[in-house]
J.: 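Handing you a structure now.
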Amino acid sequence: MNPVPFRHEFPIFQRHPDLVYLDSAATTQKPETVIEAERYFYEHLNANVHRGAYRLADEATTAYEAVREKMRVLLNVRDASEIIFTSGTTAGINLVAHCFAAVQISEGDAVVVSAMEHHANLIPWQQVCLRNKAKLLVVPVSPDGVLDMAEYENLLANEKVQVKMVAISHVSNALGTINPIESIVRLAQRHGAAVLVDAAQSIASHTLDVQALDLDFLVFSGHKMFGPTGTGVLYGKEKWLDAMPPWQFGGSMIRDVTFERTLFAPPPQKFEAGTPNLAGVAGLGAAVDWIQKTGRETIARHMRSLLEYATHRLNTVPGLRIIGQAPEKSGIISFLLDGIHPHDLSTFLDQSQICIRAGHHCAQPLMDLLEIPGTVRASFSIYNSEAEIDRLVEALHTAREFFGDI
Ligand SMILES: *Cc1c(COP(=O)(O)O)cnc(C)c1O
(Lines give C-alpha, C1' and ligand atoms only; values in the text may rest on other atoms or scores of the structure.)
Protein backbone atom coordinates (compact mmCIF):
# COMPACT_ATOMS: atom_id res chain seq x y z
CA MET A 1 0.00 0.00 0.00
CA ASN A 2 1.31 3.42 -0.92
CA PRO A 3 1.07 5.61 2.19
CA VAL A 4 0.88 8.81 0.11
CA PRO A 5 -1.47 8.03 -2.74
CA PHE A 6 -0.69 11.08 -4.89
CA ARG A 7 3.07 11.37 -4.48
CA HIS A 8 3.93 9.23 -7.51
CA GLU A 9 2.12 11.72 -9.76
CA PHE A 10 4.80 14.33 -9.01
CA PRO A 11 7.96 13.62 -11.02
CA ILE A 12 10.29 15.65 -8.80
CA PHE A 13 10.02 12.96 -6.11
CA GLN A 14 11.28 10.35 -8.54
CA ARG A 15 14.40 12.43 -9.18
CA HIS A 16 14.82 13.19 -5.46
CA PRO A 17 13.34 10.20 -3.62
CA ASP A 18 14.58 11.35 -0.21
CA LEU A 19 13.53 14.95 -0.54
CA VAL A 20 11.40 16.18 2.37
CA TYR A 21 9.70 19.10 0.71
CA LEU A 22 7.93 21.14 3.37
CA ASP A 23 7.71 24.44 1.51
CA SER A 24 4.49 24.20 -0.46
CA ALA A 25 3.32 27.56 0.90
CA ALA A 26 6.13 29.09 -1.19
CA THR A 27 5.35 26.98 -4.23
CA THR A 28 3.77 23.58 -4.78
CA GLN A 29 5.36 20.79 -6.78
CA LYS A 30 3.82 19.99 -10.17
CA PRO A 31 2.06 16.81 -11.23
CA GLU A 32 3.10 15.12 -14.46
CA THR A 33 -0.11 16.22 -16.20
CA VAL A 34 0.73 19.91 -15.70
CA ILE A 35 4.26 19.52 -17.03
CA GLU A 36 2.91 17.50 -19.93
CA ALA A 37 0.26 20.12 -20.78
CA GLU A 38 2.90 22.81 -21.25
CA ARG A 39 4.94 20.49 -23.41
CA TYR A 40 1.85 19.53 -25.42
CA PHE A 41 1.08 23.17 -26.08
CA TYR A 42 4.52 23.83 -27.55
CA GLU A 43 4.57 20.62 -29.54
CA HIS A 44 1.02 20.72 -30.90
CA LEU A 45 -0.61 24.12 -30.58
CA ASN A 46 2.01 26.85 -30.47
CA ALA A 47 0.78 30.01 -32.21
CA ASN A 48 -0.19 33.40 -30.85
CA VAL A 49 -3.79 33.76 -29.73
CA HIS A 50 -6.60 36.14 -30.72
CA ARG A 51 -4.81 37.50 -33.78
CA GLY A 52 -4.25 34.64 -36.15
CA ALA A 53 -6.33 34.04 -39.25
CA TYR A 54 -5.16 30.46 -39.63
CA ARG A 55 -6.20 27.20 -38.05
CA LEU A 56 -3.33 26.68 -35.64
CA ALA A 57 -3.89 30.14 -34.15
CA ASP A 58 -7.58 29.31 -33.79
CA GLU A 59 -6.75 26.10 -31.97
CA ALA A 60 -4.33 27.91 -29.64
CA THR A 61 -7.03 30.51 -28.92
CA THR A 62 -9.64 27.83 -28.26
CA ALA A 63 -7.27 26.06 -25.84
CA TYR A 64 -6.49 29.33 -24.03
CA GLU A 65 -10.15 30.29 -23.70
CA ALA A 66 -11.05 26.76 -22.55
CA VAL A 67 -8.86 27.32 -19.49
CA ARG A 68 -10.75 30.53 -18.74
CA GLU A 69 -13.94 28.48 -18.76
CA LYS A 70 -12.37 25.88 -16.41
CA MET A 71 -11.53 28.71 -14.02
CA ARG A 72 -15.06 30.04 -14.27
CA VAL A 73 -16.37 26.66 -13.18
CA LEU A 74 -13.77 26.23 -10.40
CA LEU A 75 -14.72 29.56 -8.84
CA ASN A 76 -18.40 29.52 -9.83
CA VAL A 77 -18.02 32.84 -11.61
CA ARG A 78 -21.09 34.05 -13.52
CA ASP A 79 -19.35 34.86 -16.79
CA ALA A 80 -15.90 33.88 -18.10
CA SER A 81 -15.25 37.51 -19.10
CA GLU A 82 -14.81 38.23 -15.38
CA ILE A 83 -11.68 36.01 -15.33
CA ILE A 84 -8.41 37.76 -16.20
CA PHE A 85 -5.16 35.85 -16.61
CA THR A 86 -2.22 37.45 -14.81
CA SER A 87 1.33 36.45 -13.98
CA GLY A 88 0.32 35.74 -10.37
CA THR A 89 -1.18 37.06 -7.14
CA THR A 90 1.20 40.02 -7.00
CA ALA A 91 0.28 41.16 -10.51
CA GLY A 92 -3.44 40.73 -9.78
CA ILE A 93 -3.37 42.83 -6.61
CA ASN A 94 -1.26 45.54 -8.20
CA LEU A 95 -3.71 45.69 -11.09
CA VAL A 96 -6.71 46.07 -8.79
CA ALA A 97 -4.99 48.52 -6.44
CA HIS A 98 -3.96 50.73 -9.33
CA CYS A 99 -7.14 50.58 -11.41
CA PHE A 100 -9.72 50.46 -8.60
CA ALA A 101 -7.98 53.36 -6.85
CA ALA A 102 -8.09 55.37 -10.07
CA VAL A 103 -11.91 55.44 -9.96
CA GLN A 104 -12.75 54.79 -6.30
CA ILE A 105 -10.17 55.98 -3.80
CA SER A 106 -9.57 59.62 -2.96
CA GLU A 107 -8.96 61.86 0.03
CA GLY A 108 -11.17 60.90 2.98
CA ASP A 109 -11.45 57.28 1.82
CA ALA A 110 -9.80 54.28 3.44
CA VAL A 111 -8.56 50.80 2.60
CA VAL A 112 -8.66 48.07 5.24
CA VAL A 113 -6.03 45.32 5.32
CA SER A 114 -5.08 42.92 8.09
CA ALA A 115 -1.85 42.80 10.07
CA MET A 116 -1.14 39.33 8.65
CA GLU A 117 -1.11 40.27 4.96
CA HIS A 118 1.65 39.17 2.62
CA HIS A 119 3.62 42.19 1.39
CA ALA A 120 1.88 41.68 -1.97
CA ASN A 121 -1.47 42.52 -0.35
CA LEU A 122 -0.09 45.35 1.75
CA ILE A 123 2.37 47.50 -0.20
CA PRO A 124 0.18 48.10 -3.29
CA TRP A 125 -2.60 49.44 -1.01
CA GLN A 126 -0.18 51.39 1.15
CA GLN A 127 1.26 53.10 -1.93
CA VAL A 128 -2.15 53.82 -3.44
CA CYS A 129 -3.26 55.38 -0.13
CA LEU A 130 -0.14 57.53 0.04
CA ARG A 131 -0.65 58.69 -3.55
CA ASN A 132 -4.39 59.39 -3.21
CA LYS A 133 -4.21 60.79 0.33
CA ALA A 134 -6.39 57.96 1.65
CA LYS A 135 -6.00 56.10 4.93
CA LEU A 136 -4.68 52.57 5.29
CA LEU A 137 -6.38 50.90 8.27
CA VAL A 138 -4.96 47.70 9.70
CA VAL A 139 -7.03 45.04 11.48
CA PRO A 140 -4.97 43.82 14.45
CA VAL A 141 -4.00 40.21 14.99
CA SER A 142 -3.83 38.53 18.42
CA PRO A 143 -0.61 36.83 19.62
CA ASP A 144 -2.31 33.54 18.64
CA GLY A 145 -2.64 34.78 15.08
CA VAL A 146 -6.39 35.45 15.10
CA LEU A 147 -7.97 38.49 13.45
CA ASP A 148 -9.61 40.93 15.84
CA MET A 149 -13.10 40.93 14.34
CA ALA A 150 -14.48 43.46 16.83
CA GLU A 151 -11.79 45.94 15.83
CA TYR A 152 -12.49 45.15 12.17
CA GLU A 153 -16.11 46.23 12.69
CA ASN A 154 -14.95 49.37 14.44
CA LEU A 155 -12.70 50.27 11.52
CA LEU A 156 -15.56 49.79 9.06
CA ALA A 157 -17.88 51.92 11.18
CA ASN A 158 -15.33 54.73 11.56
CA GLU A 159 -17.24 57.88 10.67
CA LYS A 160 -14.21 59.95 9.78
CA VAL A 161 -13.45 57.92 6.67
CA GLN A 162 -15.33 55.94 4.06
CA VAL A 163 -13.87 52.45 3.69
CA LYS A 164 -13.87 51.67 -0.04
CA MET A 165 -11.92 48.42 -0.05
CA VAL A 166 -11.18 45.53 2.29
CA ALA A 167 -8.18 43.53 1.05
CA ILE A 168 -7.68 40.36 3.01
CA SER A 169 -6.05 36.96 2.71
CA HIS A 170 -8.16 33.83 3.07
CA VAL A 171 -5.25 31.93 4.63
CA SER A 172 -2.15 33.55 6.12
CA ASN A 173 1.05 32.30 4.49
CA ALA A 174 3.05 33.16 7.62
CA LEU A 175 0.87 31.62 10.34
CA GLY A 176 -1.59 29.34 8.55
CA THR A 177 -4.62 31.10 10.05
CA ILE A 178 -7.82 30.56 8.09
CA ASN A 179 -9.72 33.82 8.24
CA PRO A 180 -13.54 33.82 8.55
CA ILE A 181 -13.98 35.03 5.01
CA GLU A 182 -17.79 34.93 4.97
CA SER A 183 -18.15 37.21 7.98
CA ILE A 184 -15.41 39.49 6.70
CA VAL A 185 -17.18 39.88 3.37
CA ARG A 186 -20.65 40.29 4.88
CA LEU A 187 -19.48 43.05 7.25
CA ALA A 188 -17.65 44.87 4.45
CA GLN A 189 -20.75 44.75 2.27
CA ARG A 190 -22.91 46.10 5.10
CA HIS A 191 -20.62 49.15 5.19
CA GLY A 192 -20.52 49.58 1.42
CA ALA A 193 -16.91 48.47 0.93
CA ALA A 194 -15.65 46.27 -1.90
CA VAL A 195 -13.67 43.14 -0.97
CA LEU A 196 -10.58 41.62 -2.50
CA VAL A 197 -9.71 38.13 -1.28
CA ASP A 198 -6.11 36.95 -1.63
CA ALA A 199 -6.60 33.22 -2.09
CA ALA A 200 -2.96 32.36 -2.84
CA GLN A 201 -2.81 29.93 0.08
CA SER A 202 -6.32 28.51 -0.14
CA ILE A 203 -7.20 28.07 -3.79
CA ALA A 204 -5.85 24.51 -4.00
CA SER A 205 -7.68 23.23 -0.94
CA HIS A 206 -10.71 25.42 -0.21
CA THR A 207 -13.83 26.11 -2.18
CA LEU A 208 -14.44 29.78 -2.79
CA ASP A 209 -17.78 30.38 -4.45
CA VAL A 210 -17.52 33.83 -5.95
CA GLN A 211 -21.27 34.21 -6.50
CA ALA A 212 -22.36 32.82 -3.14
CA LEU A 213 -19.94 35.19 -1.40
CA ASP A 214 -20.79 37.99 -3.84
CA LEU A 215 -17.07 38.81 -4.03
CA ASP A 216 -15.74 41.87 -5.82
CA PHE A 217 -12.23 40.57 -6.49
CA LEU A 218 -10.35 37.32 -5.99
CA VAL A 219 -6.68 36.73 -6.80
CA PHE A 220 -4.31 33.77 -6.73
CA SER A 221 -1.20 32.29 -8.34
CA GLY A 222 -0.97 29.20 -10.52
CA HIS A 223 2.25 28.00 -8.95
CA LYS A 224 0.68 27.49 -5.50
CA MET A 225 -2.10 25.32 -6.93
CA PHE A 226 0.14 22.73 -8.65
CA GLY A 227 0.32 24.91 -11.78
CA PRO A 228 3.15 26.71 -13.58
CA THR A 229 5.01 29.78 -12.35
CA GLY A 230 4.16 32.99 -14.13
CA THR A 231 0.43 32.27 -14.23
CA GLY A 232 -2.40 33.55 -12.09
CA VAL A 233 -5.98 34.66 -12.06
CA LEU A 234 -7.83 37.81 -11.16
CA TYR A 235 -11.58 37.50 -10.86
CA GLY A 236 -13.32 40.87 -10.92
CA LYS A 237 -17.01 41.68 -10.76
CA GLU A 238 -18.26 42.91 -14.12
CA LYS A 239 -19.31 46.33 -12.82
CA TRP A 240 -15.77 47.02 -11.59
CA LEU A 241 -14.03 45.66 -14.66
CA ASP A 242 -16.25 47.90 -16.80
CA ALA A 243 -15.60 50.95 -14.65
CA MET A 244 -11.86 50.51 -14.15
CA PRO A 245 -9.38 51.91 -16.66
CA PRO A 246 -6.88 49.47 -18.18
CA TRP A 247 -3.62 48.82 -16.35
CA GLN A 248 -1.26 48.18 -19.24
CA PHE A 249 -1.64 49.26 -22.85
CA GLY A 250 -0.62 47.46 -26.02
CA GLY A 251 -1.69 44.71 -28.34
CA SER A 252 -4.80 42.56 -27.82
CA MET A 253 -6.57 45.04 -25.54
CA ILE A 254 -8.06 47.44 -28.09
CA ARG A 255 -11.15 47.78 -30.21
CA ASP A 256 -9.93 50.66 -32.34
CA VAL A 257 -6.82 52.85 -32.37
CA THR A 258 -6.03 56.14 -34.06
CA PHE A 259 -3.09 58.45 -33.32
CA GLU A 260 -5.44 60.59 -31.26
CA ARG A 261 -7.35 58.06 -29.14
CA THR A 262 -7.96 54.39 -28.36
CA LEU A 263 -11.19 52.51 -27.79
CA PHE A 264 -10.51 49.58 -25.49
CA ALA A 265 -11.81 46.06 -25.90
CA PRO A 266 -14.29 44.87 -23.24
CA PRO A 267 -13.02 42.75 -20.30
CA PRO A 268 -11.16 40.43 -20.08
CA GLN A 269 -9.13 41.61 -23.14
CA LYS A 270 -9.01 45.15 -21.75
CA PHE A 271 -6.78 43.87 -18.94
CA GLU A 272 -4.67 41.39 -20.92
CA ALA A 273 -2.35 43.58 -22.98
CA GLY A 274 0.40 41.78 -24.87
CA THR A 275 1.04 38.12 -25.53
CA PRO A 276 -0.07 36.06 -22.53
CA ASN A 277 1.79 33.11 -20.98
CA LEU A 278 0.12 30.68 -23.36
CA ALA A 279 1.94 27.50 -22.42
CA GLY A 280 1.67 28.44 -18.76
CA VAL A 281 -2.09 28.86 -19.06
CA ALA A 282 -2.27 25.43 -20.71
CA GLY A 283 -0.46 24.04 -17.66
CA LEU A 284 -2.79 25.99 -15.39
CA GLY A 285 -5.75 24.30 -17.05
CA ALA A 286 -4.20 20.92 -16.29
CA ALA A 287 -3.72 22.04 -12.68
CA VAL A 288 -7.44 22.86 -12.42
CA ASP A 289 -8.24 19.41 -13.84
CA TRP A 290 -5.90 17.82 -11.33
CA ILE A 291 -7.53 19.64 -8.42
CA GLN A 292 -11.03 18.80 -9.64
CA LYS A 293 -10.12 15.14 -10.12
CA THR A 294 -8.47 14.89 -6.70
CA GLY A 295 -11.05 17.01 -4.89
CA ARG A 296 -10.34 20.05 -2.77
CA GLU A 297 -11.94 18.31 0.20
CA THR A 298 -9.44 15.42 -0.16
CA ILE A 299 -6.53 17.86 -0.38
CA ALA A 300 -7.79 19.88 2.61
CA ARG A 301 -8.38 16.74 4.69
CA HIS A 302 -4.84 15.50 4.02
CA MET A 303 -3.35 18.89 4.94
CA ARG A 304 -5.47 19.07 8.08
CA SER A 305 -4.40 15.63 9.23
CA LEU A 306 -0.70 16.46 8.62
CA LEU A 307 -1.17 19.73 10.51
CA GLU A 308 -2.61 17.88 13.50
CA TYR A 309 0.13 15.28 13.44
CA ALA A 310 2.90 17.87 13.05
CA THR A 311 1.49 20.09 15.80
CA HIS A 312 1.41 17.13 18.16
CA ARG A 313 4.92 15.94 17.23
CA LEU A 314 6.57 19.38 17.22
CA ASN A 315 5.16 20.07 20.68
CA THR A 316 7.31 17.17 21.95
CA VAL A 317 10.52 18.99 20.97
CA PRO A 318 11.94 20.84 24.02
CA GLY A 319 12.32 24.59 23.51
CA LEU A 320 10.08 24.65 20.45
CA ARG A 321 7.41 27.33 20.27
CA ILE A 322 4.70 27.28 17.61
CA ILE A 323 3.90 30.77 16.31
CA GLY A 324 0.25 31.07 15.33
CA GLN A 325 -2.22 28.92 17.23
CA ALA A 326 -5.49 29.96 15.66
CA PRO A 327 -8.28 27.39 16.07
CA GLU A 328 -8.74 27.29 12.28
CA LYS A 329 -5.46 26.63 10.47
CA SER A 330 -4.37 25.36 7.08
CA GLY A 331 -1.33 23.14 6.45
CA ILE A 332 1.23 25.67 7.69
CA ILE A 333 3.22 25.64 10.95
CA SER A 334 5.55 28.46 11.91
CA PHE A 335 7.83 27.88 14.85
CA LEU A 336 10.96 28.92 16.71
CA LEU A 337 13.51 26.75 18.45
CA ASP A 338 15.03 28.40 21.52
CA GLY A 339 18.50 29.78 20.94
CA ILE A 340 18.71 28.87 17.24
CA HIS A 341 18.22 31.52 14.59
CA PRO A 342 15.62 30.49 11.98
CA HIS A 343 18.15 30.82 9.13
CA ASP A 344 20.72 28.65 10.93
CA LEU A 345 18.05 26.04 11.57
CA SER A 346 16.86 25.86 7.96
CA THR A 347 20.46 25.58 6.72
CA PHE A 348 21.04 22.77 9.19
CA LEU A 349 17.86 20.95 8.10
CA ASP A 350 18.87 21.25 4.46
CA GLN A 351 21.75 18.88 5.20
CA SER A 352 19.09 16.22 5.80
CA GLN A 353 17.30 17.20 2.56
CA ILE A 354 14.54 18.89 4.52
CA CYS A 355 13.28 21.97 2.69
CA ILE A 356 11.67 24.48 5.00
CA ARG A 357 11.65 28.24 4.84
CA ALA A 358 13.04 30.69 7.37
CA GLY A 359 12.51 34.41 7.65
CA HIS A 360 9.68 36.92 7.74
CA HIS A 361 7.72 35.15 4.96
CA CYS A 362 6.97 38.48 3.24
CA ALA A 363 5.09 39.60 6.34
CA GLN A 364 7.62 41.80 8.08
CA PRO A 365 5.11 44.05 9.89
CA LEU A 366 3.47 40.92 11.33
CA MET A 367 6.81 39.68 12.68
CA ASP A 368 7.39 43.13 14.23
CA LEU A 369 3.94 42.97 15.81
CA LEU A 370 4.68 39.52 17.28
CA GLU A 371 8.12 40.80 18.36
CA ILE A 372 10.04 38.02 16.65
CA PRO A 373 12.76 38.21 13.96
CA GLY A 374 10.98 35.67 11.81
CA THR A 375 10.08 32.01 12.01
CA VAL A 376 10.90 28.65 10.53
CA ARG A 377 7.92 27.50 8.51
CA ALA A 378 6.91 24.00 7.52
CA SER A 379 4.04 23.79 5.05
CA PHE A 380 2.29 20.70 3.75
CA SER A 381 0.51 19.58 0.65
CA ILE A 382 -1.11 16.49 -0.80
CA TYR A 383 2.21 14.68 -1.46
CA ASN A 384 3.58 14.94 2.12
CA SER A 385 3.49 12.17 4.72
CA GLU A 386 3.67 11.66 8.46
CA ALA A 387 7.02 9.92 7.90
CA GLU A 388 8.41 13.22 6.58
CA ILE A 389 7.22 15.01 9.70
CA ASP A 390 8.97 12.34 11.76
CA ARG A 391 12.17 13.09 9.86
CA LEU A 392 11.74 16.80 10.57
CA VAL A 393 11.24 16.15 14.28
CA GLU A 394 14.23 13.83 14.41
CA ALA A 395 16.39 16.46 12.69
CA LEU A 396 15.18 19.11 15.14
CA HIS A 397 16.39 16.96 18.04
CA THR A 398 19.76 16.61 16.31
CA ALA A 399 19.86 20.37 15.74
CA ARG A 400 19.40 20.99 19.45
CA GLU A 401 22.40 18.79 20.20
CA PHE A 402 24.43 20.36 17.40
CA PHE A 403 23.78 23.95 18.48
CA GLY A 404 24.53 23.17 22.11
CA ASP A 405 22.59 22.05 25.09
CA ILE A 406 19.63 24.38 25.38
C1 LIG B 1 2.56 33.65 -2.24
C2 LIG B 1 1.59 34.65 -1.76
C3 LIG B 1 1.43 35.87 -2.42
C4 LIG B 1 2.26 36.28 -3.59
O5 LIG B 1 2.16 35.37 -4.65
P6 LIG B 1 3.12 35.49 -5.93
O7 LIG B 1 2.90 34.20 -6.62
O8 LIG B 1 4.51 35.65 -5.39
O9 LIG B 1 2.67 36.67 -6.71
C10 LIG B 1 0.47 36.73 -1.94
N11 LIG B 1 -0.30 36.42 -0.90
C12 LIG B 1 -0.18 35.25 -0.24
C13 LIG B 1 -1.08 34.94 0.92
C14 LIG B 1 0.76 34.33 -0.65
O15 LIG B 1 0.90 33.17 0.01
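None of the values given here were measured: they were computed from a predicted structure. Only heavy atoms go into these numbers, but all of them, side chains included; no hydrogens, no water, no symmetry mates.
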J.: Do the side-chain N and O atoms of Ser142 and Asp144 include a donor-acceptor pair separated by under 3.5 angstrom?
T.: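 Judged by distance alone, the side chains do not pair up.
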
J.: Does the plane of the ring in Phe249 sit parallel, tilted or perpendicular to the ring in Phe264? Use 30° and 60° as the thresholds.
T.: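 Tilted: the ring planes of Phe249 and Phe264 meet at 30° to 60°.
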
J.: Does a donor on one side chain sit under 3.5 Å from an acceptor on the other, for Thr275 and Asn48?
T.: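 The answer is yes; a qualifying pair exists.
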
J.: Verify the distance criterion only: is there a donor paired with an acceptor across the side chains of Thr398 and Glu401 at less than 3.5 Å?
T.: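 On atom types as modelled, these side chains do not qualify, holding no pair under 3.5 Å.
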
J.: Using a distance-only test with no angle check, is there a side-chain donor-acceptor pair under 3.5 angstrom linking Asp109 and Gln162?
T.: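 No, no side-chain donor-acceptor contact under 3.5 Å.
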
J.: Listed by chain and number, what are the salt bridge (Lys or Arg N to Asp or Glu O under 4.0 Å) partners of Arg39, not counting sequence neighbours?
T.: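 For Arg39, the residues satisfying salt bridge (Lys or Arg N to Asp or Glu O under 4.0 Å) (neighbours in sequence not counted) are Glu43.
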
J.: Do Leu74 and Lys70 come within less than 4.5 Å of each other through their side chains, counting heavy atoms only?
T.: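 They are not in contact (no side-chain heavy atoms under 4.5 Å apart), so the answer is no.
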
J.: According to the interplanar angle, ranging from 0 to 90°, do the rings of Tyr64 and His50 count as parallel (below 30°), tilted (30 to 60°) or perpendicular (above 60°)?
T.: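 Perpendicular: the ring planes of Tyr64 and His50 meet at over 60°.
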
J.: Before giving the answer on ring-ring contact (aromatic ring centres under 6.0 Å, His included), spell out for Phe348 and Phe402 the whole-Å C-alpha distance, their side-chain angles and the decisive distance to 0.1 Å.
T.: CA-CA 9 Å; Phe348 182 85; Phe402 178 82; 5.0 Å; yes

J.: Does any donor atom in the side chain of Ser24 or Tyr383 lie under 3.5 Å from an acceptor atom in the other side chain?
T.: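 Checked: Ser24/Tyr383 side chains pair up, N/O donor to acceptor below 3.5 Å.
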
J.: Could you check whether Ser202 and His170, counting side-chain N and O atoms only, form a donor-acceptor pair closer than 3.5 Å?
T.: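 Indeed, the side chains of His170 and Ser202 share at least one donor-acceptor pair under 3.5 Å.
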
J.: Is there a donor in the side chain of His361 and an acceptor in the side chain of Thr375, or the other way round, less than 3.5 Å apart?
T.: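 Side chains of His361 and Thr375: pair found under 3.5 Å.
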
J.: Are Asp214 and Lys237 close enough for a salt bridge, meaning some N to O gap below 4.0 Å?
T.: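 Looking at Asp214 and Lys237, the cut-off is met.
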
J.: Is it the case that the side chains of Asn76 and Asp209 hold a donor-acceptor pair, with the cut-off being a distance below 3.5 Å and no angle test?
T.: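 Per modelled atom types, Asp209 and Asn76 side chains form a pair under 3.5 Å.
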
